2 protein chains.
Amino acid sequence: MAESIRRPVTAHDVAKLAGVSQSAVSRTYTKGASVGQKTREKVEAASAALGYRPNLVARSLITRRSNLIGVVVPSLENPFYSEVLEALSKAFDGSGYRVLLFSTAASADSDPILEEVLRHRVDALILVSSSLSSRFAEECVQIGLPVVLLNRKNDSQGVSSVTSDNAEGGAVIADFLVASGHEKLAFIAGTPCSSTSRDRELSFTTRLEELGQGTFLREVGGYTFEGAMAATRRLMALAERPDGIFCANDLMAIAAMNVITHECQLTLGRDVSVIGFDNIAMAAWPSVSLTTYRQPIERFVQDAVDIIEAQLNNHDTPAIQKVIAGNLIVRQSARLPEAGFAEADGERIWRAGN
Amino acid sequence: MAESIRRPVTAHDVAKLAGVSQSAVSRTYTKGASVGQKTREKVEAASAALGYRPNLVARSLITRRSNLIGVVVPSLENPFYSEVLEALSKAFDGSGYRVLLFSTAASADSDPILEEVLRHRVDALILVSSSLSSRFAEECVQIGLPVVLLNRKNDSQGVSSVTSDNAEGGAVIADFLVASGHEKLAFIAGTPCSSTSRDRELSFTTRLEELGQGTFLREVGGYTFEGAMAATRRLMALAERPDGIFCANDLMAIAAMNVITHECQLTLGRDVSVIGFDNIAMAAWPSVSLTTYRQPIERFVQDAVDIIEAQLNNHDTPAIQKVIAGNLIVRQSARLPEAGFAEADGERIWRAGN
DNA sequence: CTGAAAGCGCTAACAA
DNA sequence: TTGTTAGCGCTTTCAG
């Protein structure tokens with residue numbers, strides 16, 4: 001019953017059947033190699049007959065290019081990361097690269113994972129919302145491995161990064177909340193160690209102080225839905241509860257909205273305002289309608305891919321730190337100021353007046 | 001300025017520095033090889049000094065095991081697939097396998113992708129909600145490549161599959177909707193070619209007929225949020241609009257809920273009931289509270305992983321078709337029957353009474 | 001336990 | 001354009 005397992009067909013087998021040399025077979029499947037019409041036909045015939053499939057592992061060994069991009073993402077519970085991952089996969093697909101996926105606990109030390117990634121001889125590395133120890137950063141530069149940090153910055157030079165304009169984001173959200181008359185503001189942070197969360201918070205509170213709104217509340221939501229629900233509960237249990245909450249990402253903002261409407265029986269945009277950060281697809285759903293600072297995922301990913309491909313083609317291409325402008329998309333989760341609205345990409349946005 | 005790019009350190013370099021043979025280095029990093037204490041120490045010292053990292057590509061070439069699992073998933077727009085992907089990644093991680101990701105348009109022909117997957121010499125293949133041409137099915141069996149279809153069945157024997165009990169699911173949902181007094185039912189299908197959607201629909205309508213509810217409406221939502229919104233609009237625009245809608249998955253159910261509450265100003269669970277299929281994390285959010293048939297993702301993934309590991313360890317392990325029992329989790333998106341409730345895993349579930 | 005030697009399947013000079 | 005010849009970096013017999 002058990003069909004005997006065929007030994008994989010090699011270029012050698014094909015060559016023998018086609019009556020050509022093994023290198024002729026190789027050339028037939030190597031882009032830009034010169035093969036005669038006759039030879040190519042014989043090879044393709046034999047190939048088809050035998051079911052030949054070039055072994056990319058062997059090819060990688062000699063070309064020293066695996067056509068694999070290591071991608072490290074935190075929990076896919078957050079739709080933002082699913083969207084990023086899918087966009088990355090699609091973008092690289094077009095250039096012939098495949099994604100070798102590493103999913104990691106957001107907070108865990110990523111060094112052991114990176115060790116493993118490098119053993120696989122990936123051609124490049126993308127770290128999404130995850131930092132890189134300076135030891136590894138240096139090492140990657142030394143071995144000429146292009147690395148891009150997505151949605152996180154890094155002290156080390158030599159490592160590229162693509163982030164959105166967290167400074168502008170936090171500030172414009174402060175402007176918006178103050179312009180719409182909020183008086184007791186709160187921030188729900190992701191994790192203390194995340195540079196994005198810190199940058200957003202810092203620019204938010206700095207601008208608040210500039211505007212004379214010195215006091216504000218603060219909780220940590222850990223970037224998760226559950227964590228943010230708990231954080232929101234603590235906030236709303238306060239004697240003087242906030243009337244405006246800025247969450248370090250959309251997932252936490254949606255969690256906050258759930259607590260506010262379904263547990264506190266309050267109305268969003270009237271009793272309490274919630275603002276997120278990311279603009280995940282879900283934020284536009286009518287039942288969510290979240291006012292949020294958009295990080296344009298397509299640009300994010302495209303820039304990361306461009307940086308990597310540039311470095312792949314020319315190893316002297318310097319690392320660059322890219323900061324992408326976003327904008328505040330206005331929906332219904334937060335009370336509106338009187339003016340300052342505009343239109344962009346079919347969305348209603350808001351800019352600080354002048 | 002440009003730091004010269006170091007040639008990667010090889011086992012040979014380490015051997016030379018350590019004053020041992022290259023094979024000694026290899027043994028040091030090969031599980032279950034015999035190396036003397038002294039030798040091992042020398043190798044490890046030299047290794048550390050040079051920054052040696054075993055090349056898994058070269059290892060794969062000779063062992064004929066890449067430690068890579070090809071995973072093909074449809075759009076990650078659907079959180080169900082993100083959850084599956086993350087669970088797969090985590091599960092394989094524990095056994096030393098990595099995920100080589102292939103993201104594909106749900107409807108596209110997957111053959112070209114599979115061709116590419118096989119060239120990479122993955123050790124096994126998981127196709128999520130995607131079918132396999134019989135040509136490939138046979139080929140995979142012949143080359144001894146374990147394949148598991150997740151959330152989809154296949155005609156070909158020899159290919160394993162893990163699905164939830166779609167027949168039971170569709171039937172119990174019909175029972176539930178009839179028991180709670182609905183009179184005009186509708187089904188929003190995924191794609192016509194999807195076996196899961198067809199199975200769910202067939203068992204749903206069959207049971208409906210058995211219960212004397214012959215007529216029902218039908219639309220196609222294409223498994224997407226937008227598609228399902230459009231389908232729901234068509235349904236709700238009908239002179240005799242449905243009072244109960246069963247959607248082939250949760251994402252579409254949530255889209256339907258959005259249209260019903262925000263566009264039609266109707267109340268879920270009173271004017272119209274919506275039932276989904278999957279039980280994605282979001283279904284439990286207070287603002288969603290979707291009644292849905294649970295597909296236990298952890299079991300799904302665990303079974304798939306078990307099948308693959310069994311076949312990896314013993315190539316004569318036969319393919320198996322696994323069907324996993326789910327249950328109907330009752331929340332607030334659908335009107336309730338009078339009786340039949342129970343508790344399971346901390347969730348309120350419903351079973352056809354008798 | 002250790003080293004020498006033979007490849008894994010393929011690409012890339014180099015000659016012809 | 002072709003075939004011949006070396007390896008890519010590693011694992012794995014096989015002697016010692």
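These numbers come from the heavy atoms of this one structure, side chains and all, not from hydrogens, waters or symmetry mates. Please read all numbers here as calculations on a predicted model, not as lab measurements. Quick note on labels: first sequence line is chain A, next is B, and so on, each numbered from 1.
The separation between B/R40 atom CZ and C/dG3 atom C1' is 17 Å, rounded to whole Å. Distance CZ (A/R119) to P (D/dG9): 16 Å, rounded to an integer number of Å. Between the P atom of D/dT11 and the NE2 atom of B/H12 lies a distance of 14 Å, rounded to the nearest Å. As a whole-Å value, the separation of A/Q22 CD from C/dC8 P is 11 Å. Between the P atom of C/dA13 and the CZ atom of A/R27 lies a distance of 11 Å, rounded to the nearest Å. Rounded to whole Å, the distance from NZ on B/K42 to P on C/dG3 is 7 Å.
At the heavy-atom level, A/T10 lies under 4.0 Å from the strands shown only through sugar-phosphate atoms. Across all strands shown, B/V25 has no heavy atoms under 4.0 Å from either base or sugar-phosphate atoms.
Between atom OG of residue B/S47 and atom CG of residue B/L17 there is a gap of 9.5 Å, rounded to the nearest 0.5 Å. With values rounded to the nearest 0.5 angstrom, B/E298 atom CD is found 9.5 Å from B/K90 atom NZ.
Within the 3.5 Å criterion, the main-chain N or O of A/L61 finds no donor-acceptor partner in the side chain of A/R64. No donor-acceptor pair closer than 3.5 Å links the side chain of B/E138 to the backbone N or O of B/S133. Side chain of A/D123 to main chain of A/S66: a donor-acceptor pair is present (N/O by atom type, distance under 3.5 Å, no hydrogens or angles). With hydrogens and angles ignored, the 3.5 Å screen pairs no side-chain donor or acceptor of A/R53 with any backbone N or O of B/R119.
One donor-acceptor pair, N or O on each side, does fall under 3.5 Å between the base of D/dT4 and the side chain of A/S23.
Put simply, B/S26 has no side-chain N or O that comes within less than 4.0 Å of OP1 or OP2 on D/dC10.
For DNA chain D, the residues of residues 51-69 of chain A within the heavy-atom distance limit of 4.0 Å (strictly under) are A/L61, A/I62, A/R64, sorted by number.
There is no side-chain donor-acceptor pair under 3.5 Å between A/E309 and A/N313.
Comparing atom distances between the B/S21 side chain and each of D/dC10, C/dT2, C/dG3 picks out C/dG3 as nearest.
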